[in-house]
J.: 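Handing you a structure now.
Residue numbering restarts at 1 for every chain, and letters A, B, ... go by the order of the sequence lines. Being a predicted model, the structure only gives us computed values, none of them experimental.
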Amino acid sequence: MKKWERIAALVFFLIGLGAAWEATNIGFGSFQTPGPGFYPFWLAVILAVVSFIYFLNNLGKDSKVVALWEKKTWVRPLLAIILMLVYGLLLDRLGFLLDTFFLFLIWLTVIEREKPLTVALVSVLGTVVVYILFVQFLQVQLPKGLLF
Amino acid sequence: MGAFEGLMHGFSLAITPTNLLFAFLGTLLGTMVGVLPGLGPAATISLLLPLTYALGSPVTSIIMLAGIYYGGMYGGSTTSILLNIPGESASVVTCIDGYQMAKKGRAGAALGIAAIGSFVAGTVGVIGLTCMAPPLSRFALRFGPPEYFSLTILGLMLAAYLTGKSIIKGIVMVILGLFLATIGLDPVRGNLRYTFGTLILQDGLDFLTLGMGIFGIGEILSNLEQKMKAELVTTKIRNLWPTVKDFAAAKWAIVRGSLIGFFVGLLPGGGAVIASMLSYAVEKKSAKHPEEFGEGAIQGVAGPESANNAAASASFIPMMTLGIPGNPAIAMIFAALLIQGVIPGPLLIKEHPDLFWGVVASMYIGNVMLIILNLPLVGLWVQLLRIPYSILAPVIVMICSIGVYSMKYNSGDVVMMFIFGIVGYLLRKFDFDLGPLLLAFVLGKLMESSLSQSLLISKGDFSIFFTRPISATILSFAALMILLPLISKIVKGLWKKAPGAAV
């Protein structure tokens, strides 16, 4: 894990440096009259320092090579991430109900490999229940889009 | 108003039909999400936050949300015992002995002792809340900006130290959380900070979007790595009432668990998760037969399950009296109070006695409701566990989306939540604990404003934090926290160097 820990530390260190630099652009002010960048500047500096210590704590070699994702365990999370992002981006265009229907359909088929009957049942029922519960009963405003 | 009169007044509010109904709904929902793995009380409360706008009444809203929190503590044990998967994170340690008991045909006794312990501890916690909150909030009236700044420092330090395995990683998360809170308008002058010219970042990040993203969505992504394979102990659950022998074995575990839970719950940064783990460790250390732990020791169920309930009740104390929420779930209730226009802090009890006493009284009633929901009706919850997780995951994604969308009616927030989900997933991958991040985010605004107000008072002199007695005391506790591990390391090092020392 040490190699990965060092990479994480490095990322946080760079975030700290970048944020500190940006803070001076926002306006550091002075100790007597702190500017808007004063507080974030010190946070960023502390972040960089702490990440540096974190980096030093993880020097040395791993006893054995550790993969962050064993075998193909990254496949399903990655599919889910893509699916969710597309779902979010299409929310306004397709409308909540249609978009959610497709979310269920694709999620259950591609990620969970459920049987077609289960997929169809859950997708239709799920969408209908959402409509009744949230739109009709609780009167939540959801993106309308193509349907309804 | 004295504590007794206050409580009586509270009961008169809590037993109105509407409030009883919402207390029941809250505890029912809490038990449900406690039972369902992958959906915790924090995420559920955040989901229902937008609905509290519609409820209108702050008392009723908070009664329901509080019910979800302490109800979740009851429900979590059921899943741990029957499925060996924690229903929510405060029941992780219950798996160890609870599942072993279930495998040996003693599921009933385990569920029973968990519910009874939860009831006892929950009630102890509320009694503590009744007695301690009013004097504490009177004391906190003396706090000015420097005291609050010191308090946030102490709280965040506790959060970093108590939660994860690595202190340095905890501190990284705290700073990151504080940092995320600075995005958007600067509270003093209104300058834009870290928005990178985008419109969506101008209002700053939203607590709900962040919380649901890193907790709700992040958790789902982590769970997707492996097929959730769960073996439900399906033998018929009989004898929910533990035997006299069980009681004798568990009674001190319940008492100890209640006390540990209460005090851990009081700490800013403490909460049900840590309380349950600490209680398990104490039970194992103090047991006559420590070898039974891991093989189905009833103390290993009774202690942690009591502790998490006591902690849940106790964590209302710092939130309601100081305005410092100690854990993610209570931070959600903190957010709910703000939505209702109530500012949690030392003035809360004085200015909103109805709210405070109504909620406290409802917690006594809620505990009674919960033991009824969890003892005779446990079979019902077991049925809930037959829902496969594969179906649950997209449902949670959908519910989180509704929750975030209905806040500002902006689908950009939904995408933002998913992005935080990815961040949360990656941070989990690197073994970062996300609780401190969320707490730091919540306390970030208070920290910055109390810092800049203090520096205004003192004209830029940092000694203001050390010369005011209360602030200095709080800070010295914080300093002690940094020094203790260092000192113990040095002492241990000296021991090792000393010749002939047994290590």
J.: Could you tell me which portion of B:Val174 (side chain, backbone, both or neither) has an atom closer than 4.5 angstrom to a non-hydrogen atom of chain A?
T.: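 Neither part.
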J.: Please find the pair of heavy atoms, one from A:Ile111 and one from B:Leu224, that lie closest to each other, and give the distance.
T.: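 Taking A:Ile111 first and B:Leu224 second, the nearest heavy atoms are CG2-CD2, 3.9 Å.
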J.: Just jot down the side-chain hydrogen bond (donor to acceptor under 3.5 Å, both in side chains) partners of A:Ser51, sequence neighbours excluded, or say none.
T.: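 For A:Ser51, no residue satisfies side-chain hydrogen bond (donor to acceptor under 3.5 Å, both in side chains) once neighbours in sequence are set aside.
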J.: Does anything in residues 6-16 of chain A get under 4.5 Å of chain B by heavy atoms, and if so which residues?
T.: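 Within residues 6-16 of chain A, the residues that come under 4.5 Å of chain B (heavy atoms only) are A:Ala8, A:Phe12.
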J.: A:Leu47 versus chain B, heavy atoms under 4.5 Å apart: side chain, backbone, both or neither?
T.: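 Interface part for A:Leu47: both.
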J.: For A:Tyr54, enumerate each residue passing the side-chain hydrogen bond (donor to acceptor under 3.5 Å, both in side chains) test, keeping only those at least two apart in sequence or located in another chain.
T.: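 Partners of A:Tyr54 under the side-chain hydrogen bond (donor to acceptor under 3.5 Å, both in side chains) test: A:Glu5.
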J.: Is it the backbone or the side chain of A:Asn25 that comes under 4.5 Å from a heavy atom of chain B, or both, or neither?
T.: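 Contact with chain B is absent: no heavy atom of A:Asn25 under 4.5 Å.
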J.: Drop me the distance from A:Leu91's CG to B:Asp413's CG, to the nearest 0.5 angstrom.
T.: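 Here the rounded value is 11.0 Å.
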J.: What residue, out of B:Ile419, B:Leu455, B:Asp431, B:Ile402, has the most heavy-atom pairs lying under 4.5 Å from chain A?
T.: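 Ranked by heavy-atom pairs under 4.5 Å with chain A, first place is B:Ile402.
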J.: Highest number of heavy-atom pairs under 4.5 Å with chain B: which of A:Ile81, A:Thr100, A:Val122?
T.: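 Winner by heavy-atom pair count: A:Ile81.
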J.: Side chain, backbone, both or neither: which part of B:Ile217 has a heavy atom under 4.5 Å from chain A?
T.: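 Just the side chain, heavy atoms under 4.5 Å.
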J.: Side chains of A:Met84 and B:Leu221: does their closest heavy-atom pair fall under 4.5 Å?
T.: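 Answer yes - side chains close enough.
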J.: For residues 133-143 of chain A, which residue pairs pass the salt bridge (charged side-chain N to carboxylate O under 4.0 Å, His left out) check, not counting sequence neighbours?
T.: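 Found none.
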J.: Does any heavy atom of chain B fall under 4.5 Å from the side chain of A:Val75, the backbone, both, or neither of them?
T.: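 For A:Val75, no heavy atom lies under 4.5 Å from chain B.
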J.: Relative to chain B, which segment of A:Trp4 carries a heavy atom at a distance below 4.5 Å: side chain, backbone, both, or neither?
T.: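 Answer is both: backbone and side chain atoms of A:Trp4 are under 4.5 Å from chain B.
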J.: Quick one: of A:Pro40, A:Gly37, A:Ala44, A:Gly88, who has the most non-hydrogen atom pairs under 4.5 Å with chain B?
T.: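 Looking at each option in turn, the highest pair count goes to A:Pro40.
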J.: Just how far is it from atom CD1 of A:Ile82 to atom CZ of B:Phe418, taken to the nearest 0.5 Å?
T.: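 Spacing of CD1 (A:Ile82) from CZ (B:Phe418) equals 13.5 Å.
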J.: Between B:Gly444 and A:Tyr39, which heavy-atom pair has the shortest distance, and what is it?
T.: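 In this case the closest contact between B:Gly444 and A:Tyr39 is O-OH, 3.6 Å.
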J.: Look at B:Val172, B:Val414, B:Ile171 and state which one has the largest set of heavy-atom pairs under 4.5 Å with chain A.
T.: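 Heavy-atom pair counts peak at B:Val172.
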J.: Can you confirm whether A:Phe52 is buried at CZ, in the sense that more than 12 heavy atoms of other residues, nucleotides or ligands lie under 6.0 Å from that atom?
T.: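 No, not enclosed.
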J.: What's the spacing between B:Ser452 OG and A:Phe38 CZ if we round to 0.5 Å?
T.: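 CZ of A:Phe38 is found 9.5 Å from OG of B:Ser452.
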J.: Once rounded to the nearest 0.5 Å, what's the spacing between atom CD of A:Glu112 and atom CD1 of B:Ile391?
T.: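 Taking CD in A:Glu112 and CD1 in B:Ile391, the distance rounds to 9.0 Å.
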J.: Let me know if B:Leu178 has heavy atoms under 4.5 Å from chain A in its side chain, its backbone, both or neither.
T.: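 Both backbone and side chain of B:Leu178 come within 4.5 Å of chain A.
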J.: Do B:Glu225 and A:Trp69 have side-chain atoms, one donor and one acceptor, less than 3.5 Å apart?
T.: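 Side chains of B:Glu225 and A:Trp69: pair found under 3.5 Å.
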J.: Would you please test A:Leu142 and B:Tyr409 for side-chain contact (heavy atoms from CB on, under 4.5 Å) and show each step?
T.: CA-CA 8 Å; A:Leu142 296 170; B:Tyr409 304 112; over 6 Å; no
J.: Taking B:Ser411, B:Ser390, B:Ser222, B:Ala181 one by one, which has the highest count of heavy-atom pairs under 4.5 Å against chain A?
T.: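 So the answer, after comparing B:Ser411, B:Ser390, B:Ser222, B:Ala181, is B:Ser390.
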J.: Taking side chain as everything from C-beta outward and backbone as N, CA, C, O, which of these in B:Lys459 sits under 4.5 Å from a heavy atom of chain A? Side chain, backbone, both or neither.
T.: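 For B:Lys459, the contact with chain A is made by the backbone alone.
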J.: Within this structure, what is the CZ-CE distance for the pair A:Phe101 and B:Met398, rounded to the nearest 0.5 Å?
T.: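 So the gap between those two atoms works out to 13.5 Å.
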J.: Please flag which part of A:Leu43 lies under 4.5 Å from any non-hydrogen atom of chain B: side chain, backbone, both or neither.
T.: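 When you check distances to chain B, atoms from both the backbone and side chain of A:Leu43 fall under 4.5 Å.
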J.: Could you pull out the closest heavy-atom pair between A:Ala19 and B:Tyr194, with the gap in Å?
T.: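 The answer is O-OH, 2.7 Å.
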